[in-house]
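As the structure lists them, so they are numbered: ligands from 1, and atoms in each ligand from 1.
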Amino acid sequence: MKHKFIAKRFWKDYSTAMSSSQILARQFDDCINLSLGDPDLVTDSGIINAAFNDALAGHTKYTDFRGDLELRAAIIDYYKKDLGISIKDEEVMVSCACMAMNLALQAILDDGDEVIIHAPYYTQYPQQIELARGVPIVLDTFEEEDFQINVNSLESLITERTKAIVINTPNNPTGTCFTRETMEAIARIAKEKDLVVISDEIYTLYSFDNPFMSMLNIDGMKERTIVINSFSKDFTMTGWRIGHIIAPDYLITVMRQISEKIIFTYPAMSQRAALYAMTHRDEIQPAMREEYKSRVLYAAERINSIPNMSVLSPKGTFYLFFNIKKTGLTSQEVSDRILKEAHVLTLPGNAFGDCGEGYIRIACTVGVEKLGEAFDRIQTMDIFK
Ligand code: PLP
């Protein structure tokens, strides 16, 4: 909206498909909402109780600027034990994933620097880059290539102004997981062209076919990688707004300084909850992972049994990005009709970048029974006959 009191750079519309989906879901009493990546499972009660008890014990104050010391130690321990990566304390900072992206971009970008993002992308990335005065450059990926990054296409987008590439694997929205070859190719180009890699690894738990591999696992990448991770999805803790950053110490120092100005420190109780989550991950995570895996496998089977829609076999996350090109309609038209006729809320694929046209994204954030009901309704629609 244009208004003399609004800074001119916000005169253009910054809303995303995510912001409007909440309103749409309220249209029908029996709406099944598969639009948002907010896991339905309530945070493990052990985590909640630990946060509560720690609050009673006095963890109600500002914390260290880089986060609760015990939580930082637990994060370091996790990288060592689960991923075989050695991290120094100065290379860790507690944050929250959305904020972490802003801190990372602000720390590395000069005005007009370019940042490559692969599409279909997490809807916030382009504007997150613009807010940090950078220029998003979109690299399309394709179903025919398993939504992996095509190295030649990546190289062709690099200019004098390219500062970084943002990668996200396991991926929202496609559910793909980058292969070791893809990761090594990105790393090779980053080194050759002297780029920073911002690796958004917030779906670490949901890598189904192969063990999760961080960009930090690739030789020589630690010195040019900023890892963003979060407790939101890996522990169903979206409302706690807590996560972490791993980066070279000099970048952590800059991000800490920016963060101090914006938020001072992160919520102490959420950090204590995250500490309990990290130190009890072996008890908490396996059941969650199996639950979401069984949902995506079930939903994929249903999709592939319905005419005019198809999906690749699920590899990671709890999203499915299915192809509806055979309907002859646009993603928006199909998504609108699914809402109107089946009362199921989905997101049109083009909300994740132009190359998402012809696809629909669902988040499997309801149980198998509800997913079954959603597909029972969808398969009665004319366009899927
Ligand atoms: N990155 C990706 C790829 C996401 O899908 C999301 C949330 O859906 C985020 C970042 C933001 O995570 P958080 O809610 O922990 O800030």
Novice: So, F352 versus Y359, ring centres under 6.0 angstrom or not?
Specialist: no
Novice: Pairing donors with acceptors under 3.5 angstrom, does anything connect the side chains of S156 and S153?
Specialist: no
Novice: Has the side chain of T60 got a donor or acceptor atom that lies under 3.5 Å from a matching backbone atom of L56?
Specialist: no
Novice: Would you kindly say whether T238 and D38 are connected by a side-chain donor-acceptor distance under 3.5 Å?
Specialist: yes
Novice: Excluding sequence neighbours, so at least two apart, what forms salt bridge (charged side-chain N to carboxylate O under 4.0 Å, His left out) with E130?
Specialist: K12
Novice: If the criterion is any heavy atom closer than 4.0 Å to an atom of ligand 1, which residues make the list?
Specialist: C96, A97, C98, Y122, Y125, N168, N172, D200, I202, Y203, S230, S232, K233, R241
Novice: What about the rings of F318 and Y203, do their centers lie closer together than 6.0 Å?
Specialist: yes
